[in-house]
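The structure appears right after this line, and notes come after that.
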Amino acid sequence: MQFMLLFSRQGKLRLQKWYVPLSDKEKKKITRELVQTVLARKPKMCSFLEWRDLKIVYKRYASLYFCCAIEDQDNELITLEIIHRYVELLDKYFGSVCELDIIFNFEKAYFILDEFLLGGEAQETSKKNVLKAIEQADLLQENNNTSCSMGLLLS
Amino acid sequence: HLPSLRVQVLIRTIRTARTQAEEREMIQKECAAIRSSFREEDNTYRCRNVAKLLYMHMLGYPAHFGQLECLKLIASQKFTDKRIGYLGAMLLLDERQDVHLLMTNCIKNDLNHSTQYVQGLSLCTLGCMGSSEMCRDLAGEVEKLLKTSNSYLRKKAALCAVHVIRKVPELMEMFLPATKNLLSEKNHGVLHTSVVLLTEMCERSPDMLSHFRKLVPQLVRILKNLIMSGYSPEHDVSGISDPFLQVRILRLLRILGKGDDDSSEAMNDILAQVATNTETSKNVGNAILYETVLTIMDIKSESGLRVLAINILGRFLLNNDKNIRYVALTSLLKTVQTDHNAVQRHRSTIVDCLKDLDVSIKRRAMELSFALVNGNNIRGMMKELLYFLDSCDPDFKADCASGIFLAAEKYAPSKRWHIDTVMRVLTTAGSYVRDDSVPNLIQLITNSVEMHAYTVQRLYKALLDDISQQPLVQVASWCIGEYGDLLVSGQCEEEEPIQVSEDEVLDVLEGLLVSNLSTPVTRAYSLTAIMKLSTRFSSVNRIKKVVSIYGSSIDVELQQRAVEYNALFKKYDHMRPALLERMPIMEKTATNGPTDIAQTNGETDSTILDTKHLPSITQPARRCNYHICFCLAGIPPMTAYNKNGLKIEFTFERSNPSPNIAVITIHATNSTEADMTEFVFQAAVPKTFQLQLLSPSSNVVPALNQGSVTQVIRVLNPQKQQLRMRIKLTYTHKGSPVQDLAEVNNFPPQSWQ
């Protein structure tokens with residue numbers, strides 16, 4: 001996977017994970033163009049499209065579009081499963097996740113993604129294990145902070 | 001100073017902004033506060049401030065002043081700080097910044113941290129955006145972690161190693177020992193990432209590939225266990241056990257089995273098993289089937305297995321899920337060359353996909369349809385494709401039209417059918433047809449001698465209906481110019497000949513000249529056509545009148561032609577019949593035919609009817625049709641060279657609008673009995689001139705004056721000095737190379753004065 005973008009139906013970016021080195025300017029350009037292209041798709045169209053030399057896999061969950069750019073040899077159908085797995089993880093973590101959860105807790109969304117994918121590939125295929133790791137890390141964060149009453153700092 | 005806002009409070013505040021300007025103001029205010037906090041080296045709130053900055057960055061605002069702060073957070077001992085610091089680094093830094101390298105030491109320390117979650121953070125960051133230098137520095141640490149028994153770290157190290165190898169391929173060797181027992185792991189996370197690592201290594205190095213072929217039995221066993229094992233809640237997705245791992249194993253098997261008989265045989269059974277036993281009701285099962293099909297098609301599988309794979313794709317085509325249909329068409333397109341007959345069996349389903357609502361599916365169905373056209377199915381397929389052309393999106397029309405022309409040319413069952421098909425395309429999609437189709441169609445029509453009368457009649461009738469589609473109009477004008485005599489004499493045999501008079505025909509052509517719908521190119525075609533009719537029709541006076549009117553046209557091209565045609569009437573009337581004579585059958589000069597079928601393991605990407613490659617006629621046709629006037633500028637031609645059977649004549653035109661440029665066309669002819677091949681004409685002029693040599697019509701001067709090589713020279717002569725030229729000729733004659741130099745000094749004064 002080269003990158004994953006999450007954006008709303010109004011085209012507002014909610015998460016951007018880049019697995020290839022690009023300048024901020026290039027990222028902005030790609031994001032703008034791709035968001036426009038995906039939002040222009042009609043509901044009857046399939047989840048795949050060719051864009052530049054990449055394959056784009058996207059799926060809408062409620063008000064959020066999950067959009068991945070994969071390479072030629074990557075399997076589009078399993079990428080849909082990857083997206084679905086990520087949504088399931090968010091859902092389990094936040095309890096019936098909605099877009100607002102991702103807006104107000106964007107760093108958590110990234111932490112979860114980073115326990116599921118690494119360098120664009122799945123590092124863990126068990127839902128349980130990903131959630132367990134996040135849980136432990138959250139605990140570590142709490143313990144670290146309560147020791148010097150800085151619990152209010154981040155939350 | 002004001003207490004630092006909590007992150008969520010800031011987010012809520014920013015979201016209340018009603019305009020972009022309001023938002024920008026809030027952001028600027030908060031950024032200013034954050035900047036002062038950074039300047040004061042406030043450790044307490046640094047984490048919170050960077051988090052806020054990351055939110056604002058996502059909204060599109062600059063956050064570069066937070067880069068160094070991320071490094072400070074990473075260096076902190078607090079886990080919270082590190083978590084946000086690494087996240088910030090991944091979002092704000094990339095390998096282009098020097099700051100990036102400062103992370104190296106922190107990452108090195110954290111890779112060896114006592115807490116695995118800290119190690120995890122650093123592995124993740126390195127594996128996501130580590131530069132080549134960082135990878136070089138830290139590869140050793142990653143390799144160490146690849147050998148740990150801690151599966152949480154081991155799986156991350158494997159993917160980190162993949163990144164290192166991508167950045168610094170030479171380091172691949174050092175990871176080899178650590179791969180030794182990766183596949184013996186029970187942990188699925190480690191297995192999955194290990195397979196990814198092995199895949200990367202095999203793709204990059206043929207040596208690694210041979211080395212890892214011995215893993216095939218082990219991979220087959222793991223896959224078999226996944227399929228046969230009972231329900232495993234941890235890895236189950238809709239009744240399938242760890243589909244992610246299954247797909248990656250299938251992909252690795254594909255790479256290992258490709259081109260290798262033994263490996264391919266060893267995986268034959270498991271592939272058949274997966275292909276027949278996988279549940280197809282949900283996307284996840286189909287994802288596995290899809291990967292299986294790709295593997296079967298790429299390795300050296302038995303024919304039975306290949307047919308099984310194609311049939312799976314055939315079933316995919318009938319699936320309600322459009323994603324599955326899309327994937328099927330893509331795969332079929334890849335295999336249509338090597339497994340042509342098997343794919344042919346699904347032709348009708350593929351053709352049905354032309355009616356699909358999804359644009360990508362339609363496009364693939366179209367490409368695949370063209371690939372499946374052959375001599376046996378041409379009539380049926382063409383019916384479907386023409387129907388598709390009628391109703392498809394404008395985006396498709398150009399490609400579809402080109403594809404139809406190509407297919408018709410290859411497989412037309414009769415000349416009549418061919419002309420009818422071309423007519424159908426021109427009348428239904430005439431404005432989308434590519435410009436280069438026009439000369440091709442002209443050549444086709446010229447060479448279909450027995451169809452001339454029929455063709456010109458049909459084209460004439462099409463013009464009566466509609467003159468807006470330029471390619472149609474251009475071909476029609478040309479045809480009428482050539483065969484107008486057949487039209488008025490009612491010689492059509494194929495259908496009822498129409499009754500039309502010379503004046504009616506000239507009305508139509510003149511109508512094109514004045515219509516707003518006609519482009520300049522079209523007008524040029526129609527003027528030339530009118531001129532040609534002067535030797536085919538009796539209404540010469542009418543034609544003379546038209547031609548003289550356009551002598552003062554503001555369109556330069558049109559004006560030039562009209563002036564030349566006028567001159568043809570006035571001064572060179574004796575040459576007119578010869579110049580405007582019927583075009584002979586044309587030989588194709590360029591051969592951009594369809595790409596060859598490569599008999600390899602499905603590696604070819606191009607379809608048999610690659611719609612981008614059309615055979616094209618080059619200069620001779622162009623010259624004959626557009627500029628029948630090489631001696632009409634009033635400057636007499638000259639012989640520049642005449643030796644050993646090679647004669648080179650120069651003819652002149654003044655280039656409008658620049659009278660300082662003399663346009664010279666060289667005509668090389670060969671009176672000997674052997675062709676002169678590899679003919680190259682070169683010229684040099686004195687310093688005060690500038691010379692431009694355009695491409696020659698060909699490199700072969702045919703024997704016995706059977707043809708000529710022409711080439712255009714443009715000479716800029718701003719000081720109006722006497723034109724002189726040195727020419728160099730090289731060619732091969734009767735097997736021997738010939739070279740000669742000559743001075744050309746006999747230029748007529750009118751060519752440079």
Side-chain angles (χ1 to χ4, degrees), chain A residues 12-19 21-24 28 42 44-50 57 73 75-82 84-85 103-107 110-111 114-115 117-129 133 136-137 140-145 148 150 152-155, chain B residues 6-8 11 44-45 47-48 51 54-55 58-60 78-80 83-84 87 91 94-96 115 117 120 123-124 127-129 152 155-156 159-160 162-163 188-189 192-193 196 234-235 237 242-245 247 251 283-284 286-287 290-291 322-327 357-361:
Chain A
K12 284 216 118 94
L13 199 58
R14 298 304 180 203
L15 185 144
Q16 50 173 334
K17 189 74 190 179
W18 299 85
Y19 295 111
L22 290 165
S23 70
D24 231 21
K28 281 203 169 123
K42 303 191 192 75
K44 282 220 161 65
M45 293 175 146
C46 70
S47 298
F48 314 130
L49 59 109
E50 293 105 7
V57 179
Q73 334 83 289
N75 181 324
E76 294 95 319
L77 299 180
I78 206 77
T79 305
L80 281 173
E81 295 298 321
I82 297 260
H84 192 74
R85 174 56 62 89
I103 293 171
F104 282 95
N105 301 282
F106 67 93
E107 80 281 6
Y110 276 106
F111 296 153
D114 286 342
E115 279 299 329
L117 304 179
L118 197 157
E121 303 280 353
Q123 57 179 289
E124 180 56 66
T125 58
S126 150
K127 227 186 307 190
K128 189 180 89 184
N129 286 349
Q136 299 283 8
L140 194 58
Q141 187 172 306
E142 253 174 72
N143 292 340
N144 242 194
N145 296 341
C148 18
M150 298 195 218
L152 301 168
L153 277 179
L154 184 61
S155 55
Chain B
R6 287 173 27 223
V7 185
Q8 290 190 338
I11 295 175
T44 322
Y45 294 111
C47 183
R48 177 189 290 188
L54 292 180
Y55 178 75
M58 185 143 61
L59 291 178
K78 292 216 297 293
F79 184 67
T80 314
R83 240 184 165 184
I84 293 292
L87 177 61
L91 287 174
D94 65 66
E95 52 186 60
R96 292 129 198 270
T115 310
Y117 296 106
L123 274 169
C124 179
C128 178
M129 42 96 68
Y152 177 77
K155 72 189 186 195
K156 289 176 192 276
L159 290 181
C160 202
V162 170
H163 180 83
H188 281 224
H192 186 272
T193 60
V196 174
E234 196 177 338
H235 298 112
V237 180
D242 206 340
F244 304 105
L245 182 56
V247 164
R251 184 163 152 182
N283 179 64
V284 59
N286 288 320
Y290 175 39
E291 197 74 33
K322 44 192 162 349
N323 293 333
I324 308 284
R325 293 203 298 276
Y326 174 97
V327 144
L357 293 158
D358 183 299
V359 161
S360 314
I361 289 180

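Here is the naming used below: chain letters follow the sequence lines, and residue numbers restart at 1 for every chain.
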> Does the pair F48(A) and V327(B) meet the rule for a side-chain contact (heavy atoms from CB on, under 4.5 Å), with working shown?
Replying inline: CA-CA 9 Å; F48(A) 314 130; V327(B) 144; 4.0 Å; yes
>> Heavy-atom pairs under 4.5 Å with chain A: which of D358(B), N286(B), V359(B), V284(B) has the most?
In response: D358(B)
> So, for A122(A) and L159(B), which heavy atoms are closest and what is the spacing to 0.1 Å?
Replying inline: O-CD1, 3.7 Å
> For I11(B), is it the side chain, the backbone, both or neither that has a heavy atom under 4.5 Å from a heavy atom of chain A?
Replying inline: both
> Under a 4.5 Å heavy-atom cut-off, does chain B meet the side chain of K44(A), its backbone, both or neither?
Replying inline: both
> Using non-hydrogen atoms only, which part of L357(B) is less than 4.5 Å away from chain A: side chain, backbone, both, or neither?
Replying inline: side chain
>> So for F106(A), is it side chain, backbone, both, or neither that comes closer than 4.5 Å to the heavy atoms of chain B?
In response: side chain
> How many angstroms lie between atom CZ of R83(B) and atom CD of E107(A), to the nearest 0.5 angstrom?
Replying inline: 8.5 Å
> Which value, rounded to the nearest 0.5 Å, describes the distance between T193(B) atom OG1 and E121(A) atom CD?
Replying inline: 10.0 Å
> Which atoms of D242(B) come close to chain A, meaning under 4.5 Å heavy atom to heavy atom: side chain ones, backbone ones, both, or neither?
Replying inline: side chain
>> Which one wins on heavy-atom pair count under 4.5 Å against chain B: D24(A), L15(A), L22(A), L80(A)?
In response: L22(A)
>> Tell me whether K156(B) is salt-bridged to E124(A), with the criterion being a basic N under 4.0 Å from an acidic carboxylate O.
In response: no
>> Below 4.5 Å, heavy-atom pairs only: which of G120(A), G119(A), A133(A) has the largest tally toward chain B?
In response: A133(A)
> In Å, rounded to the nearest 0.5 Å, how long is the span from CE of M58(B) to CD1 of I103(A)?
Replying inline: 8.5 Å
>> Is H163(B) in contact with chain A via its backbone, its side chain, both, or neither, using a 4.5 Å heavy-atom distance?
In response: neither
> side-chain contact (heavy atoms from CB on, under 4.5 Å) between E81(A) and V237(B): does it pass, once the steps are laid out?
Replying inline: CA-CA 9 Å; E81(A) 295 298 321; V237(B) 180; 3.9 Å; yes
> Using non-hydrogen atoms only, which part of S23(A) is less than 4.5 Å away from chain B: side chain, backbone, both, or neither?
Replying inline: both
>> Would the distance check show the side chain of N75(A) and the main-chain N or O of A287(B) forming a donor-acceptor pair, the cut-off being under 3.5 Å?
In response: yes
>> Heavy-atom cut-off 4.5 Å, strictly under: side chain, backbone, both or neither for Y152(B) against chain A?
In response: side chain
> Based on non-hydrogen pairs under 4.5 Å, which of P243(B), G120(B), G189(B) is most in contact with chain A?
Replying inline: G189(B)
> Measuring heavy-atom distances to chain B, does R85(A) have an atom under 4.5 Å in its side chain, in its backbone, in both, or in neither?
Replying inline: side chain
> How long is the gap from CG on L59(B) to CZ on R14(A), to the nearest 0.5 Å?
Replying inline: 7.5 Å
> Taking all atoms of both residues into account, what is the closest heavy-atom pair of K155(B) and Q123(A), and its distance?
Replying inline: CD-O, 3.1 Å
>> Quick check against the 3.5 Å criterion: does N283(B) have a side-chain atom that pairs as donor or acceptor with the backbone of L77(A)?
In response: yes
> V247(B) versus chain A, heavy atoms under 4.5 Å apart: side chain, backbone, both or neither?
Replying inline: side chain
>> Heavy-atom cut-off 4.5 Å, strictly under: side chain, backbone, both or neither for R325(B) against chain A?
In response: neither
> Is the side chain of H192(B) donor-acceptor paired with the backbone N or O of T125(A) at a distance under 3.5 Å, no angle test?
Replying inline: no
> Distance from L49(A) atom CG to Y326(B) atom OH, nearest 0.5 Å?
Replying inline: 7.0 Å
> Looking at OG1 of T80(B) and CD of Q141(A), how far apart are the two atoms once the value is rounded to the nearest 0.5 Å?
Replying inline: 4.0 Å
> If you count heavy-atom pairs under 4.5 Å between each of I324(B), I361(B), T115(B), L91(B) and chain A, which one has the most?
Replying inline: L91(B)
> Is it the backbone or the side chain of K42(A) that comes under 4.5 Å from a heavy atom of chain B, or both, or neither?
Replying inline: neither
> Between C128(B), C160(B), S360(B), which residue shows the highest count of heavy-atom pairs closer than 4.5 Å to chain A?
Replying inline: C128(B)
